[in-house]
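Below: the structure, in C-alpha cells.
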Amino acid sequence: MLRYYLRLSLKSLRRTPGLTALMVCAIALGIAACIVTLTVYHAMSGNPIWWKNNVLYAVTMDSWGADEPHDPQHPTLAPPQLTYTDATALLRSSIPQRKAIMTQMDGMLSGAPGQTVPMQALTRATTKDFFAMFDVPFEYGGAWGGNDLDALPEIVLGKRANDTLFGGTDSVGRTILWNNNRFRVVGVLRDWQPLPRFYDVVDGAFEPPEDAYVPFSWITTLRSVPSGNMDCHTSVAISNYQQLLGSECVWIEMWAQLPSAARRERFRAYVDSYWAAQRRAGRFPRPLNNHLTNVSQWLQVNGVVSSDSRILLRVAFAFLAVCLLNTVGILLTKFLRGAPIVGVRRALGASRRQIFLQHLVEVAVVSIAGGVLGLALGAAGLVGVRAIYAQDSAYGLLAHFDPLGVAWALALAALSTLAAGFYPAWSIGRLPPAGYLRGR
Amino acid sequence: MTLNLRPLLSSLLRSRTGAILVALQITIALAVMVNAVWIVSQRIADIEQPTGIDDDHMFVVAIAGLGSGFDLSSALAQDLAYLRGLPGVVAATATESAPLTGDGQGTQLFLQPGQRGRSAALGVIQTDTQGLRTLGVSLIAGRNFRPNEIQPFSKHSLEQSVPEIIVSRALAQALFPESDALGKVVYDGAGRPMTIIGVTHDFMGPVGLGNPKYQTALYPKTPGEYGAYFLLVRTVPGRLDVLMQTAERHIGASNLDRVIFFAHPLQFYHQRMIAENRNMAIFLSAITAMILAVTCLGIFGLATYNVSARTRQIGTRRAVGARRRDIIAYFMVENAFILCAGVLAGCALALATGYWLSVRYDLPRLDLYYLVGGVLFLWIVGELAAWQPARRAASVAPSVATRTV
C-alpha cells in the first residue's frame with residue numbers, strides 16, 4: 001500500500017513541478033538557516049562537562065568595595081574571581097572532594113633537545129586537582145602530587161607543546177625550562193579543548209587550550225605576575241609583589257567538586273563563616289553575597305552565549321515558520337485542486353483514512369526532499385560562516401558540523417514539515433465526495 | 001471607480017485558510033524585517049565609527065620577557081632604537097596597553113582625591129615622547145611630553161603614578177563638561193594627583209575594559225610592570241608588511257630571554273573589533289531577505305491560485321460588462337485586504353518584538369519611523385507580488401464563461 005501511495009504522490013508532485021520545487025526550496029531554506037544558527041548557538045552554549053554539571057561549582061565571594069557592585073549591570077553577582085588571600089584560605093578546606101585554584105600566565109618553554117628559539121606557551125597555574133576534577137585526559141604520565149601550596153617544580157605539557165618540543169614522544173621525566181626555571185615533565189595531555197572554556201570564562205571562553213600547566217605555588221615563589229584578567233578596586237597603590245598578593249585585587253578562579261547536597265551546604269557554611277570572620281577583621285564592606293555556581297549556570301551568568309546568537313537563532317526559527325506556513329498554503333491549494341480525483345477515489349471505496357494517509361505520504365516526500373536539500377544548504381552555509389568568522393580564530397572552531405546538531409536539524413525537518421502537512425492532508429481527507437462528483 | 005466590496009469579502013471569507021496563512025507570513029515578515037533593519041542600521045553606525053588613529057599603517061608586536069636574566073630596560077631601549085632606525089618607520093613606542101587589541105589597562109580618574117567627585121572610566125596607553133606620532137593623533141590643546149617627564153621602569157615598583165598626562169577630548173569633556181580641562185589636576189584611584197598637560201582629538205585606545213571607546217589617556221611611562229609589553233610601530237604607506245616581518249625576525253632572534261607572542265597589523269584588531277557587529281549585520285540581512293522572498297512567493301502563489309480557481313467567475317464578470325481594469329482592481333483589492341490584515345497584526349508583533357528586544361537584550365528601543373517605512377515597503381512589495389496574477393486574470397476572455405470546464 002505504501003509503495004502505491006508513494007507512486008501516487010510522486011506522480012502528483014511531478015504534475016506541478018514549479019509548486020513542488022517551491023515547497024522543497026522553502027523548507028530547505030528554513031532548515032538551512034536553522035542548522036547554521038543552531039550549530040553556532042550549540043557550540044557556544046554547550047556544556048563541555050555536562051556529566052559533572054551538578055558536581056562542579058565555581059566559588060565566588062563578594063570582596064568588592066563599598067561604593068558599587070563589581071558589575072553595576074548585574075549587581076547581584078559577586079566578582080567572578082577571588083583575591084589571593086581568599087583563594088588560598090578557601091583552598092585549605094577539606095570539605096570539597098576536590099578543589100582547585102587557577103590563573104592564566106604568560107609562559108615560555110625552552111631547553112628541549114635541539115630547541116634553538118624559546119616557544120611561547122600559554123600557561124595555567126593551578127593546583128593538582130585541576131586534572132582529575134575536570135576529567136582532563138592524559139596521553140602520558142599524570143598530574144603532580146604533593147601539597148597544593150607547596151608543590152615540586154613539576155609541569156604538565158599540552159599536546160601542542162609536547163608535539164613541538166619532543167616530537168610527540170613520551171617526555172615524562174624530562175626537564176624543561178619554563179620561563180628559564182627548571183621543571184620536570186610529569187604529564188602530557190591528549191588533545192583537550194573544552195568549548196566553551198568554562199573554567200576561565202573571564203579570560204575568554206573560546207580561547208585555545210593551554211600549552212603548559214604549572215603548580216600554583218610556583219608562580220608566587222618565582223614572583224610571576226599573572227597575564228589574565230585582574231580587577232582591583234582598592235585605593236591603595238600596589239608597589240611590589242607581596243602587596244599584590246595581599247591586595248583586594250581579584251585574579252584567581254576557584255572550582256570545587258561537591259557531589260552531594262550535604263557537602264555543598266557544609267562548604268557553603270564554611271565559605272560564609274570565613275567571610276564573616278574576615279568581615280569582623282574589617283574586610284568585605286558589601287553584604288553577604290557568596291555563591292557556589294554549577295557549570296551551566298556559570299556559563300549563563302557570565303554571558304558566554306552572545307545575545308546576538310540568541311537573537312539570530314530566534315530569527316531563524318521565525319524564518320522557518322514563514323517557510324512552513326508557505327508550504328502549508330501550497331499543499332492546501334494543491335490538494336484542493338485534486339479534490340475531484342479524491343471524490344472519485346472516495347466514491348470507488350477509498351476510506352477517509354486511506355485518503356489521509358495517501359496525502360500524508362506526499363507530505364513526507366516533500367519534507368524529506370526539503371530536509372536533505374536543507375542539510376546540504378546548511379553545510380554550505382556553515383562553510384560560509386567559517387569564512388566570515390575566519391579572522392577570529394576563536395569562532396573558527398565553532399563552525400564544525402557536529403553530529404548532534406545534524407540530528408537536531410533532521411528531527412526538526414521531519415517534525416516540522418509533517419506537522420505542517422498534517423492539516424492539509426487531514427482537511428482533504430474530510431472532504432465529502434459527492435460535491436466534487438456532481439460537477440463531472 | 002467604485003468597487004463593490006461585498007462579493008469580494010464574501011469570497012475571501014469562504015476560502016479563508018489560504019488567506020490567513022499568507023497574512024500570517026506577512027505578519028512575521030514585517031515584525032522580523034522592521035526589527036532586523038533597525039538592529040542592522042545601529043550595527044553599521046557602530047562599524048563606521050572612526051578609530052581616530054592611523055591604524056592602517058600600524059603594527060603591534062607583543063613581547064614577554066620571561067627569562068630570569070631578562071633586563072627589560074636595555075631590551076626596550078635596544079628594540080626602540082632598532083625600530084626607529086629602520087627606514088620606512090615613522091615612529092615607534094612601547095606600551096603595556098595597546099589600542100584596539102582588547103588587551104590593556106582600564107582605570108578611573110577622579111576630580112578629588114580619595115575616589116570622590118566626578119569620575120570617568122578610561123583606557124590607558126603608556127608611552128614616551130613618540131606616542132602621539134606613533135598613533136597619528138594630534139593635540140588640540142597643550143603640549144606633548146618632554147623626555148625628562150617619562151617615568152623610568154623600576155622592577156620593584158608596580159603601578160607607578162605619573163605627574164602629567166595627556167587626555168582625549170572625550171575624556172576631557174567627561175571630567176570637565178563645563179570648563180577647559182587643560183592644566184587641571186585629576187586624581188587616580190590611589191589619590192595621586194596628575195596634571196592634564198595636553199588634550200588630543202578623539203581616538204580609540206584600549207577598548208572593552210569598561211571604558212567608553214573614545215575616553216583614553218596617555219601616561220608618560222616606560223612599560224614592563226607586568227612583564228609583557230607591546231611595541232607599537234607606525235610605518236609609511238605600503239611598507240607595513242615588510243617592516244613587520246623584518247622587525248619580528250630581528251626582535252625574536254636578538255634576545256633569547258623573551259618570546260614574541262604575536263605580531264599583527266593593527267587593522268587585524270580593528271577588523272576583529274567590528275567583526276561581531278559585521279557578522280550580525282550580514283546574517284540578519286540575509287535571513288530577512290529570505291523571509292521577504294518567501295513571503296512574496298506566498299502572496300504570488302495565493303493570487304495565482306485564486307485566479308485559476310475563479311477563471312469561470314472572471315469570464316462571467318467580463319461577459320456581463322466588467323472591464324479588464326475592474327478585474328485587476330478586484331484582485332489587487334483582495335490582496336490589499338490580506339496585506340492589511342497581515343500588516344496590522346505585523347505592526348503589533350513588530351512593536352512587541354522591539355519592546356522585548358530592548359528589555360531582554362538592552363537594545364535601543366525601536367524607532368517608529370522604521371515601522372512606518374517597513375509597512376510602506378512591505379505593502380508595495382506585496383502588491384507587486386500580486387500584480388502579475390491579477391494581470392493574467394484580466395486577460396481571461398469573456399467566452400470562458402460559456403464553456404463547460
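Residue numbering restarts at 1 for every chain, and letters A, B, ... go by the order of the sequence lines.
At a threshold of 4.5 Å between non-hydrogen side-chain atoms, the residues B/L21 and A/L332 count as touching. In this structure, the side chains of A/V322 and B/V32 stay at 4.5 Å or more apart for every pair of heavy atoms. Using a 4.5 Å heavy-atom threshold, the side chains of B/Y305 and A/L336 count as touching.
A/I330 does not touch chain B: none of its heavy atoms, backbone or side chain, sits under 4.5 Å away. A/T116 touches chain B through its backbone: at least one of N, CA, C or O sits under 4.5 Å from a heavy atom, while the side chain does not.
With rounding to the nearest 0.5 angstrom, the CG atom of A/L29 is 11.0 Å from the CD1 atom of B/I287.
A donor-acceptor pair is defined here as one N or O able to donate and one able to accept, closer than 3.5 Å; no such pair exists between the side chain of A/D308 and the backbone of B/M280.
The nearest pair of heavy atoms linking B/Y361 to A/S307 is CD2-CB, 3.2 Å. Contact between B/A64 and A/D106 at its shortest, heavy atoms only, is CB-OD2, 4.3 Å.
Each of B/I291, B/I28, B/T288 was scored for a side chain to side chain contact (heavy atoms under 4.5 Å, CB included) with A/F319, with one residue passing: B/I291.
Between chain A and the residues B/Q108, B/M290, B/R258, the most heavy-atom pairs under 4.5 angstrom are made by B/M290. By number of non-hydrogen pairs under 4.5 angstrom with chain A, the leading residue of B/D257, B/V22, B/L302, B/T304 is B/D257.
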